[in-house]
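Have a look at the structure below before the remarks.
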Amino acid sequence: MADDRKLPLRAEDFSAWYNEVVLRAELADYSPVRGCMVIRPDGYGIWERMQRALDDMFKATGHRNAYFPLFIPQSFLQKEAEHVEGFAPETAVVTHGGGKELEEPLVVRPTSETIIYAMFAKWVQSYRDLPLLINQWANVVRWEMRTRLFLRTLEFLWQEGHTAHATHDDAEAEARRMLGVYRTFMEEWMAMPVITGLKTDSERFAGAVRTFSCEAMMQDNKALQAGTSHNLGQNFARAFGVTFQAESGENEYAWNTSWGVSTRLIGGLVMTHGDDRGLRVPPRLAPTEIVIVPIWKSDEERARVLEAAERIRTALGGARRVHIDARDTMKPGAKYYEWELRGVPLRLELGPRDLDRQQAVVVRRDTGEKAAVPLGDLPARLGDLLDSVQAAMLDAARTRREANSIRGGVTYDRFREIMDGDGAFVYAGWCGDAACEAAVKEETRATIRVLPDPEFRSATAPEHCLKCGRAATTEAVWAKAY
RNA sequence: CGGGACGUAGCGCAGUCCGGUAGCGCACCUGAAUGGGGUUCAGGGGGUCGCGGGUUCAAAUCCCGCCGUCCCGACCA
């Protein structure tokens, strides 16, 4: 990371910067298995924070965790026509076990709808068993042609929620509700603003009736699909016989939803908040919120500042995740650079001169602002600062996204220029024609990321389709995507 | 699977055109001094130069083949 480099960067430069940050901040590493990534402790620490926050939110919405098999009989995947078509090309298949060829090959799960709804069929008998709200934390495998650290690896970690409901409307409400949970998490924890809405048919999950998604803008103006939530209708219930007896006495198929977010979120975090000095992690997500760098010249001073650092940690009452960097093999300046690379939100510099003045120097990672704070004020001030960093990061990301969004008034020629150039979220009218959508993708590489929910739509609805000029049926957000 | 770049120490690279038995920076180890934004000095360890074959007295270097990685596409969370 050269000091003169300034984000946002474009295309190849941004990719190179991203890889460099992920590797140098020790979030992940390449593994001996091509396309598979090793998540290192620093990266996993962020994932654990994400897991905890999401899991708490799922518990609050009444979901319970369970675990289903890694292996799925190949025939299960084939029971839902669209699903098998969508996933068969990217599955890893186990053909041998115990030295013998298996009678039926086992697919390493690319997603768990099939095996989970096979079990739901046993568990659901009555409308009284519904809704059934299950979540699973697991790894899945998808044999992608090209991989990218965190964004697209052959194996990845995720959570997948699976639910069964008595009515279509209940399922629709559930899919919507969990999309909202994702949005809250992404904005309030990750400080990553998203556009929510509906996917077009071409981007819909294989087997779903409707797919909703959260789309975030990275610093190269590309879109990242950060989370999806699907209304599966009765497609899987019919395929796996998930039926229940309704209050009326009739036997009916259940209505399902599924929704998931993955370790891709870590990639999104880096590409949303990283800067020339490395990573920036929002306070609520940071495994370490505050790092104290003690400064000393003699053993006597060392003992004095370390003791003071411990007192500060104690004063914070265990409410804050604090690390005291007492390494005596590194000078303070070197430590500053290292913690900046790792993205710790607040740094507290504490030396003999500070102690003489009963103060500490607090430095924000997001803005680089420095301030001397009286020791007695630290607990309150640090709390305020962390809140302020969290809010400022979300605000900055949202401002950047809006600065790179174009709402209406774009000709198709101009649109092509934008997609050839810096890229943007372009809000444009869409006539609902899949052929038109495909033609735009062919010509510009841009796709409809999402048909935005009302609150994200432009004030004046577009009247005509960007490409073919026909009357628009809805507004679409176009962008190049990861 | 197409198009480009590349493969030399843990990491990043030079050396390849013009063949002569391997080097630099960082990291690592030892010692001393240092310590408010990447410490300094001295000493040290570590490489069958991606793999296989060929040419040659001699190959990291030239020739042929293979493998792998990264980036750009096709596929996708």
Side-chain angles (χ1 to χ4, degrees), chain A residues 1-3 10-20 23-24 26 29-35 85-91 110-111 139-160 182 199 202-206 211 213-216 223-230 258-268 277-278 293-299 301-302 305 326-341 347-357 359-361 363 368 370 372 441-442 445 447 449 480-482:
Chain A
M1 275 156 285
D3 287 336
R10 299 297 173 223
E12 300 84 1
D13 285 346
F14 190 74
S15 289
W17 166 85
Y18 171 77
N19 283 335
E20 195 178 337
L23 295 171
R24 284 192 46 195
E26 297 185 357
D29 203 351
Y30 296 111
S31 81
V33 184
R34 182 168 125 75
E85 199 181 318
F87 283 103
E90 52 181 282
T91 52
T111 177
N139 56 338
V140 290
V141 168
R142 296 181 187 179
W143 216 262
E144 305 291 351
M145 290 172 184
R146 193 161 149 245
T147 59
R148 227 152 132 32
L149 292 172
F150 285 115
L151 300 184
R152 188 169 301 104
T153 46
L154 293 196
E155 179 187 6
F156 58 93
L157 305 182
W158 76 345
Q159 63 63 222
E160 46 181 325
Y182 285 157
K199 284 289 195 184
S202 63
E203 299 260 330
R204 207 184 63 226
F205 175 76
T211 290
S213 115
C214 296
E215 298 285 331
L224 184 77
Q225 183 173 308
T228 49
S229 177
H230 317 288
S258 68
W259 26 275
V261 294
S262 73
T263 38
R264 167 178 264 202
L265 289 177
I266 298 171
R277 289 170 178 264
V293 179
I295 296 153
W296 66 78
K297 290 186 182 125
S298 62
D299 283 353
E301 284 180 351
R302 180 174 190 271
V305 290
R327 287 177 292 181
D328 53 13
T329 53
M330 256 173 134
K331 288 176 69 174
K335 293 179 183 178
Y336 300 164
Y337 278 95
E338 182 178 314
W339 292 112
E340 281 166 359
L341 173 64
R347 177 177 76 239
L348 208 147
E349 304 173 0
L350 192 66
R353 289 198 323 243
D354 294 310
L355 293 182
D356 291 344
R357 293 177 214 154
Q359 66 167 40
V361 174
V363 185
K370 279 191 185 193
K441 183 180 180 182
E442 177 70 28
R445 316 248 124 261
T447 49
R449 300 320 305 153
K480 288 190 182 174
Y482 276 98

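Just so it is clear: chains get the letters A, B, ... in the order the sequence lines come, proteins before strands, and each one is counted from 1. Because the structure is a prediction, the values reported are computed rather than measured.
- Atom CG of A/Asp299 sits in a sparse spot, with 12 or fewer heavy atoms from other residues, nucleotides or ligands closer than 6.0 Å.
- Across every strand in view, B/G2 sits in a pair with B/C72 that passes the Watson-Crick or G-U test at under 3.5 angstrom.
- For A/Asn19, taking side-chain heavy atoms from C-beta onward, the closest of the listed nucleotides B/C70, B/U39, B/G35 is B/C70.
- Side-chain contact check for A/Phe205 versus A/Trp259: every heavy-atom pair is 4.5 Å or farther apart.
- Residue-to-nucleotide proximity on RNA chain B shows that, of A/Asp299 and A/Thr147, the 5′-proximal contact is made by A/Asp299.
- Comparing B/U39, B/G36, B/C75 by their closest approach to the side chain of A/Met145 singles out B/C75.
- Pairing of B/C67, defined by two Watson-Crick or G-U wobble distances under 3.5 Å, is identified with B/G7.
- When distances are taken from the side chain of A/Tyr336 to each of B/G35, B/C71, B/G37, the shortest belongs to B/G37.
- Under a 3.5 Å cut-off, the side chain of A/Glu144 and the backbone N or O of A/Glu90 do not form any donor-acceptor pair.
- When the C1' atom of B/C71 is taken as reference, atom OH of A/Tyr482 falls 12 Å away, rounded to whole Å.
- An OP1 or OP2 oxygen of B/G73 is reached within less than 4.0 angstrom by no side-chain nitrogen or oxygen of A/Lys441.
- Partner assigned to B/C13 is B/G23, using Watson-Crick or G-U wobble distances below 3.5 angstrom.
- Nearest heavy-atom pair, A/Gly268 versus A/Leu151, reported as atom, atom and distance to 0.1 Å: N-CD2, 4.3 Å.
- For A/Lys335, no side-chain nitrogen or oxygen approaches OP1 or OP2 of B/G37 to under 4.0 Å.
- Rounded to an integer number of Å, the gap from A/Glu301 CD to B/U34 C1' is 13 Å.
- Here B/G38 is the nucleotide among B/G35, B/C75, B/G38 with the atom lying nearest to any side-chain atom of A/Tyr337.
- Between B/G10 and B/G47, the distance separating the two P atoms is 8 Å to the nearest Å.
- The distance between atom CD of A/Gln225 and atom P of B/C75, rounded to the nearest whole Å, is 15 Å.
- Taking atom P on both B/G52 and B/C70, the two are 23 Å apart, rounded to the nearest angstrom.
- Across all strands shown, B/A42 is found opposite B/U30 as a Watson-Crick or G-U wobble partner, with both distances under 3.5 Å.
- Listed for the A/Lys199 side chain is no donor-acceptor partner under 3.5 Å among the backbone atoms of A/His230.
- Listed candidates were B/C70, B/G37, B/C75. Nearest to the side chain of A/Tyr30 is B/C70.
- When the C1' atom of B/G73 is taken as reference, atom NZ of A/Lys480 falls 11 Å away, rounded to whole Å.
- Residue-to-nucleotide contacts include a donor-acceptor pair under 3.5 Å from the side chain of A/Glu340 to the base of B/G37.
- Between the CZ atom of A/Arg24 and the C1' atom of B/A27 there is a distance of 12 Å, given to the nearest Å.
- Comparing B/C18 with B/G38, their C1' atoms sit 40 Å apart, to the nearest whole Å.
- Heavy atoms of A/Ser262 sit under 4.0 angstrom from at least one base atom.
- The gap from the C1' atom of B/C66 to that of B/A22 amounts to 26 Å, rounded to the nearest Å.
- For A/Arg142, there are no salt bridge (charged side-chain N to carboxylate O under 4.0 Å, His left out) partners at least two apart in sequence or on another chain.
- Taking atom C1' in both B/C11 and B/G53, the straight-line distance is 32 Å, to the nearest Å.
- Looking at A/Asn19, its side chain never comes within 3.5 Å of a backbone N or O of A/Ala16 through a donor-acceptor pair.
- Put simply, CZ on A/Arg277 is 8 Å from C1' on B/G37, counting in whole angstrom units.
- Within 4.0 Å (heavy atoms only), A/Glu144 reaches at least one base atom of the nucleic acid.
- Taking atom CG of A/Leu151 as the reference point, atom C1' of B/C75 lies 15 Å away to the nearest angstrom.
- When the ring-ring contact (aromatic ring centres under 6.0 Å, His included) test is applied to A/Trp158, the partners found at least two apart in sequence or on another chain are A/Phe156.
- Taking atom C1' in both B/G43 and B/C49, the straight-line distance is 27 Å, to the nearest Å.
- Among the heavy atoms of the strands, none lies under 4.0 Å from A/Leu224.
- Residue A/Glu349 contributes atom CD, which lies 11 Å from atom P of B/G36 at whole-angstrom precision.
- Side chain A/Asp328 to base B/G35: no donor-acceptor pair is found below 3.5 Å.
- Pair check for B/G36 finds none; no Watson-Crick or G-U wobble contact set falls under 3.5 Å.
- Taking the C1' atom of each, B/A60 and B/G15 are spaced 8 Å apart, rounded to whole Å.
- Of the nucleotides present, B/G54 is the one that pairs with B/C62 by Watson-Crick or G-U wobble criteria, both distances under 3.5 Å.
- Looking at A/Arg347, its side chain comes within 3.5 Å of the base of B/G37 through a donor and an acceptor atom.
- Nearest nucleotide to the A/Lys370 side chain, out of B/C75, B/G35, B/G37: B/G37.
- Between A/Gly86 and A/Ala206, the shortest heavy-atom distance links the atoms CA-CB, 3.8 Å.
- Residue-to-nucleotide proximity on RNA chain B shows that, of A/Trp296 and A/Ala226, the 5′-proximal contact is made by A/Trp296.
- Of the listed nucleotides (B/G36, B/C75, B/G35), B/G36 has the atom at the smallest distance from the side chain of A/Pro352.
- Judged by Watson-Crick or G-U wobble contacts below 3.5 Å, the nucleotide B/G47 has no partner.
- Contact annotation for A/Thr153: base contact, defined as any heavy-atom pair under 4.0 Å involving a base atom.
- Comparing B/G65 with B/G3, their P atoms are spaced 15 Å from each other, to the whole Å.
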